[in-house]
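Here's the structure, in structure tokens; my notes come after.
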Amino acid sequence: MPRDHLQSAERSASAAGTPARTRPDAGRPAADGAEAPFLELLARGAPAEAYEQPALLARAEGRPAERVAALERAKLLALRVRSEFEGRRRREAELSALFETAHDLAGLRDLDAVLRAIVQRARSLLGTDVAYLSLNDPERGDTYMRVTEGSVAARFQQLRLGMGEGLGGLVAQTARPYVTDDYFRDDRFQHTHSIDTGVRDEGLVAILGVPLTLGDHVIGVLFAADRRSRVFEREQIALLGSFAALAAAAIDTANLLAETREALAGLERANEIIQDRSAVIERASDVHDRLAELVLRGGGVHDVAAAVSEVLDGTVEFTEAPAAPARALESSRAEGHAVRHGDDWIAAVAAGDELPGALVLRGHPGLDPVDQRTLERAALVTSLLLLARRSAAEAEQRVRGELLDDLLDARDRDPRLLRDRATRLRADLDATHAVLAARLEGGTADADQEADARRRLWAAASHLAATRHGLAAARDGGTVLLLPLAPGHTATDLARRTARELGTAVHEPVTVGASAPVGQLLARPDTVASAYAEARRCLDTLRLLGRAGDGSAAEDFGFLGLLLAGERDIAGFVDRTIGRVVAYDERRGTELLRTLDAYFACGMSPARTKDELHVHVNTVAQRLDRVGRLLGGDWQSPERALEIQLALRLHRLSGVSQPPPAQR
């Protein structure tokens with residue numbers, strides 16, 4: 001026997017509590033031969049039954065009792081040494097198997113191959129008929145067979161166990177090993193028909209299961225099973241647990257490798273995308289710089305659309321909400337992203353709670369995600385511009401309204417300060433203006449709706465005043481405007497145009513009354529107030545005459561306008577009615593006015609008129625024909641005839657010898 005084996009035997013004997021110096025045969029010569037036969041048995045690895053032979057032979061030969069007793073003691077010692085050797089060999093085999101498995105794990109290439117090796121070695125070392133490994137499936141919520149070794153039943157190999165079912169379910173729930181020496185008689189776990197059928201097909205009786213754990217989570221179970229009743233020892237349970245730990249480590253390593261490979265693949269794809277999209281990113285950077293520049297220099301909505309069109313190499317337009325596709329617009333607003341609509345892309349432009357419109361990219365169905373983000377960013381910039389413009393417009397509206405209020409009410413204000421304030425608003429108070437009174441005609445019983453309608457009218461009037469370098473303010477349930485009068489235009493033209501534009505803006509009829517043209521607004525403190533009173537009288541007259549939704553000035557009402565006009569514009573009425581005849585007489589030295597007076601005085605009879613004037617009747621006819629060409633073909637209608645007669649009388653009473661300069 002090798003020296004180290006003898007030393008091991010001595011250590012085993014010492015560990016058994018029988019020191020060599022105190023044993024009964026201590027000090028006896030080795031020549032007595034009591035240990036010799038057992039050493040030979042140990043040397044050749046004889047079975048345990050062979051160790052009974054030396055003592056039985058000594059008794060059969062009639063050897064002394066001391067000799068037989070010595071042989072019995074030597075037998076016990078030899079059996080202990082043999083048991084120690086067997087345990088060491090078994091542990092060496094287990095450690096070797098665990099080392100080989102760890103080596104396989106370190107060089108992991110194929111997870112299935114490593115798991116099969118683990119199951120094969122577990123079955124071999126435990127000496128079981130079958131070994132198998134099951135893993136949990138989180139997606140399906142059950143457990144399935146991953147690897148089997150020694151199995152012969154196809155149904156068993158394809159088993160799927162619900163969580164908590166069978167012996168494996170008990171192991172998974174408690175995260176502790178469980179063993180049963182008779183599966184079908186064990187009621188500690190839940191039996192199911194499918195599991196029991198599979199176990200019965202395989203013929204299993206004794207089963208040992210240990211958990212596969214990663215951290216605090218059980219990911220599966222490793223089993224060893226026999227087709228006969230068997231008691232698994234504690235060392236065998238610990239050994240299977242070691243294999244389970246290696247299997248869990250292999251699975252974890254494989255998962256990490258898979259995640260690493262996936263991450264690497266993702267990085268490669270990302271790198272490819274980055275390389276492929278570098279031009280797109282450069283375009284995004286370009287549009288960012290352009291949009292920032294637009295905001296800084298006060299660009300408008302259409303400037304943003306033009307910049308994005310150039311960067312995206314397409315046509316981008318700002319479309320107002322009513323003209324944009326309603327469903328796509330609402331979808332873009334709800335999602336906060338651009339949405340596809342046919343071959344176009346829609347990016348909602350929201351300003352506060354309002355939805356004024358959208359940026360529409362035409363003809364780009366396959367829009368790149370970065371370009372889509374660019375379009376969305378442009379829509380956001382457009383929203384900010386609209387909000388900024390609206391805030392500025394509201395502030396300007398308030399300022400314009402305050403200035404007009406001061407012109408109407410604060411008659412003691414310093415004219416120089418008023419002029420300075422108007423100049424900052426680009427309003428020229430020295431120019432000729434008309435004061436207009438506007439009011440909504442679509443009345444409602446709901447006070448909130450009516451107040452909202454008035455606010456919309458004031459907003460529309462303020463916008464109109466700002467675009468025309470005028471002023472606007474809310475007053476008397478409506479709106480008052482002070483607008484410049486363009487050359488060649490009358491107050492009536494301005495009133496009708498304003499009524500039409502305000503009505504379109506608020507989607508309701510708006511009636512507008514205008515004053516006569518007024519100039520030098522700061523010359524007299526009450527100029528604007530008087531003109532506003534005249535405009536209101538015209539507004540009320542329009543409504544009384546059933547002309548709601550129309551616009552007009554006092555000049556439209558003939559001699560009735562004299563009653564409406566604040567300053568009784570007699571010269572203006574005369575000029576509008578017979579000014580052309582007066583001017584013709586002055587230029588040609590004719591007597592058309594005198595002929596008109598005689599004509600009306602003679603009851604519009606040419607024969608009587610020629611007697612009154614002492615001229616030929618043809619002369620009267622020629623003069624009246626000239627009057628018709630100057631005043632229009634309807635000058636003899638009752639309404640026109642009445643106004644002409646009144647103008648002739650006022651002309652005589654006023655002593656006007658010349659028409660106003662504007663009519664010369």
Side-chain angles (χ1 to χ4, degrees), residues 294-295 297-304 318 320 349 351-352 354 356-357 382-410 413 417-440 452-476 478-487 489 491 493-508 510 512-515 517-519 521-522 528 531-532 535 551:
L294 282 174
V295 172
R297 64 181 176 84
V301 171
H302 298 290
D303 295 327
V304 173
F318 175 76
E320 295 185 355
V349 175
E354 300 177 9
T382 303
S383 301
L384 294 175
L385 286 177
L386 289 176
L387 284 173
R389 291 288 178 86
R390 186 173 69 180
S391 298
E394 290 176 352
E396 184 176 342
Q397 288 170 5
R398 287 193 296 271
V399 173
R400 290 180 182 275
E402 291 169 358
L403 176 56
L404 183 52
D405 284 335
D406 288 346
L407 290 172
L408 288 168
D409 299 330
R413 290 295 181 97
L417 295 179
L418 293 175
R419 181 176 283 105
D420 290 342
R421 289 167 59 187
T423 301
R424 286 194 294 270
L425 295 172
R426 293 181 296 174
D428 183 6
L429 298 184
D430 294 326
T432 301
H433 287 72
V435 178
L436 301 96
R439 188 171 300 174
L440 285 168
D452 181 65
R454 289 179 178 177
R455 282 192 295 270
R456 287 188 286 112
L457 175 62
W458 174 75
S462 298
H463 176 73
L464 182 62
T467 57
R468 297 191 188 174
H469 306 295
L471 305 175
R475 181 167 288 240
D476 300 325
T479 302
V480 56
L481 299 94
L482 178 66
L483 299 179
L485 197 61
H489 288 228
D493 296 335
L494 183 61
R496 289 175 179 171
R497 178 181 173 186
T498 303
R500 183 171 59 254
E501 293 183 358
L502 292 180
T504 301
V506 300
H507 306 292
E508 292 184 30
V510 176
V512 176
S515 71
V518 291
L521 300 180
L522 300 178
V528 178
Y532 174 56

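Throughout, numbering of the chain's residues begins at 1 and tracks the sequence. Since we're looking at a predicted model, the values are computed, not measured.
Contact annotation: the side chain of Leu502 never approaches that of Val506 to less than 4.5 Å [non-hydrogen atoms, C-beta and beyond].
A distance of 12.5 Å separates CZ of Arg439 from CZ of Arg475, quoted to the nearest 0.5 Å. One finds the CG atom of Leu457 at 11.5 Å from the CG atom of Asp452 (value rounded to the nearest 0.5 Å). Taking CG of Leu483 as the start and CZ of Arg497 as the end, the distance is 9.5 Å to the nearest 0.5 Å.
Residues Leu494 and Ala434 approach most closely at CD2-CB, 3.8 Å, considering heavy atoms. Scanning both residues, Ala535 and Val435, for their nearest heavy atoms gives CB-O, 3.3 Å. Contact detail for His433 and Leu429: the closest heavy-atom pair is CE1-CA, 4.3 Å. Contact between Arg496 and Gly551 at its shortest, heavy atoms only, is CG-O, 2.9 Å. The two residues Leu440 and Ala453 make their nearest non-hydrogen contact at CD1-O, 3.4 Å. Across Val512 and Ala438, no two heavy atoms sit closer than the pair CG2-CB, 3.9 Å.
Side chain of Asp428 to main chain of Asp430: a donor-acceptor pair is present (N/O by atom type, distance under 3.5 Å, no hydrogens or angles).
Results of the side-chain contact (heavy atoms from CB on, under 4.5 Å) test with Tyr532 over Leu482, Leu481, Leu436, Asp476 single out Asp476 as the only residue that passes.
Judged as a side chain to side chain donor-acceptor pair (under 3.5 Å), and not counting sequence neighbours, Arg500 has no contacts.
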